[in-house]
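Please read the structure below before turning to the comments.
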Amino acid sequence: MVFAKSIRFKITILYMAILAVTLTSFSGMLYHNVSTGLHENMDTLLKSSAGGVEQAIDTYWQASNIEAIERGEKPEALRKRRNYNFSKIAHRWVKQESTDPRLLDIIIQIFDTDGNAIASSKNTQNISKIPDSDFISVLQGKPRFDTINSNGAFEAMKLRIFTTPVFEGEKVAYIVQVASPLSSIEVALNKLKVTLFILFPLTVLITGVMGAFLAKATLHPVDSMIHTIHQITAENMKLRLKVPETKDEIQHLAETFNDMLKRLESAFSSQRRLFENLSHELKTPLTILKGEFEVVLRKLRTQEEYKDTLASALEEINRIAKLAENLLLLARFDSKESFPEKRALELNALTQAVINNIKGLAELKNIRMNFKKAGSDMLLTGDESQLKTLILNILDNAVKYTPNNGIINIALYKDDAATAKISIDDNGVGIPGEELAHVFDRFYRADKSRNSTGFGLGLSIAKSIAEAHKGAIDVKSKPSGGTIFTISLPLS
Ligand SMILES: Nc1ncnc2c1ncn2[C@@H]1O[C@H](COP(=O)(O)OP(=O)(O)OP(=O)(O)O)[C@@H](O)[C@H]1O
Ligand SMILES: [Mg+2]
């Protein structure tokens, strides 16, 4: 059943069917051509034999006429038509000369214009009596071919007959009929038929077997690919298909499949990392909460102590809530469920608002923030709250990773007629070159030893928001220390 559905089977059957159709038409054509060729040859032979007979009899007749004229007979009396002498001459010639090897196998009959046989070669036993209707047409001067089934002294056989009138002046003098058995042609055609009948199924069969073998050889790599694919599971994503060096679609398929596996493997492993990171992020505050509660519950505490513990617990709970909120946001971006609202916004004002929000935090560290607005209005459509989060996350990092008394320069400008850029340039701790590529990864925190309070989600959220607005974020390390983040957003 499986084999019947396999490509191998289909190819083989198709192959055989095409061959069978081709061979059938080829054989048919061959048979038809050979058959017509042989029959035409036979007709030509009969025609020329009839001509030969006519000429030979004529020569006989002329010779005997010379004697008759010498005997004093009048030339007008010497007509072939209904001439007793002619009948005798024709009869004699046919008896003597029809043994000529060229006329072997040819049956000769001579008829007078009344349809009576005046001479027949010795192998003739009433092979035919020309039917009257046909006889009339021959008498009118029309030679004719007939094929008849003879059953005289011969075994039943097919005869090809040529009947032609011979003229003397304007009038038909006598009729020559030559015939030949079609048996040699039939034997030849039968042989051809048998050869074709044997060759036909044999060729189809051999081609079928070879086709199946070839298809199997060609598709063999697919079998081994299927075998390998069966072994690939989520836990076993390292397996790769063996790429056959066939430089064809199958090699291409194997390569494409391997590419897909690579992408899936990296997606799987990033999911796994995400899961690990998430568990870790959840575990930390929960452990802290558990520890604090256990300590407090060990004995009765003062009101003050309970209050402190609850306040600290609230802090951890807020952290967990923030984590959940961030993850939910990212999940929504991933599933494309979160469409940014499309409202007209002005970026100078929006950036200023975010800077105002974070100012307090910067002041705590005595960090100076310089904002260089764009010269003109920077209009774009987008989601106000999302864009605020985007800028805030980057500004928050700048403040977080810049030591006390640092400087943050914020500039808003048009890069070209259609793009707004916001650059946020700090002189903080900077990001090592090899880590730059990862800062947008979820839960990624550069230099893990640095004790940061963040989850490592701020930049991935910022990136998702930028992309949802058809924008981008770029990050560069400054050789002098510090980092520049540049947000690009399309203007309306
Ligand atoms: N301006 C910056 N200067 C130096 N390092 C930075 C800066 N911005 C980001 N980083 C590095 O990139 C990492 C990822 O930043 P991201 O904002 O995603 O996470 P986070 O700030 O650690 O936590 P979260 O933003 O979720 O509270 C940071 O942990 C930090 O190591
Ligand atoms: Mg951050």
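Whatever order the structure lists ligands and atoms in, that order sets their numbers, starting from 1. Basis for what follows: all heavy atoms, side chains included, without hydrogens, waters or symmetry-related copies.
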Strictly under 2.8 Å, how many protein N, O or S atoms lie near the Mg ion (ligand 2)? Waters don't count.
1

Backbone, side chain, both or neither: what part of Asp426 comes under 4.0 angstrom of ligand 1, heavy atoms only?
side chain

Sorted by chain and residue number, the salt bridge (charged side-chain N to carboxylate O under 4.0 Å, His left out) partners of Lys476 (sequence neighbours excluded) come out as Asp474

Which residues pass the salt bridge (charged side-chain N to carboxylate O under 4.0 Å, His left out) test with Lys290, sequence neighbours left out?
Glu294

By salt bridge (charged side-chain N to carboxylate O under 4.0 Å, His left out), which residues pair with Arg368, not counting sequence neighbours?
none

Using the salt bridge (charged side-chain N to carboxylate O under 4.0 Å, His left out) rule, take Lys283 and Glu276 through it: C-alpha gap first, then chi angles, then the decisive distance, then the call.
CA-CA 10 Å; Lys283 200 176 149 229; Glu276 283 164 11; over 6 Å; no

So for Gly428, does at least one of its heavy atoms come nearer than 4.0 angstrom to any atom of ligand 1?
no

Taking 4.0 Å as the limit for heavy-atom contacts, which would you say applies to Lys400 with ligand 1: side chain only, backbone only, both, or neither?
side chain

Below 4.0 Å from ligand 1: does a non-hydrogen atom of Asn393 turn up there or not?
no

Report the part of Leu459 in contact with ligand 1, treating N, CA, C, O as backbone and CB onward as side chain, heavy atoms under 4.0 Å; options are side chain, backbone, both, neither.
both

For ligand 1, which atoms, with element, lie under 4.0 Å from some heavy atom of Gly454?
23 (O), 24 (P), 27 (O)

Under 4.0 Å, counting heavy atoms only: does Phe440 come that close to any atom of ligand 1?
no

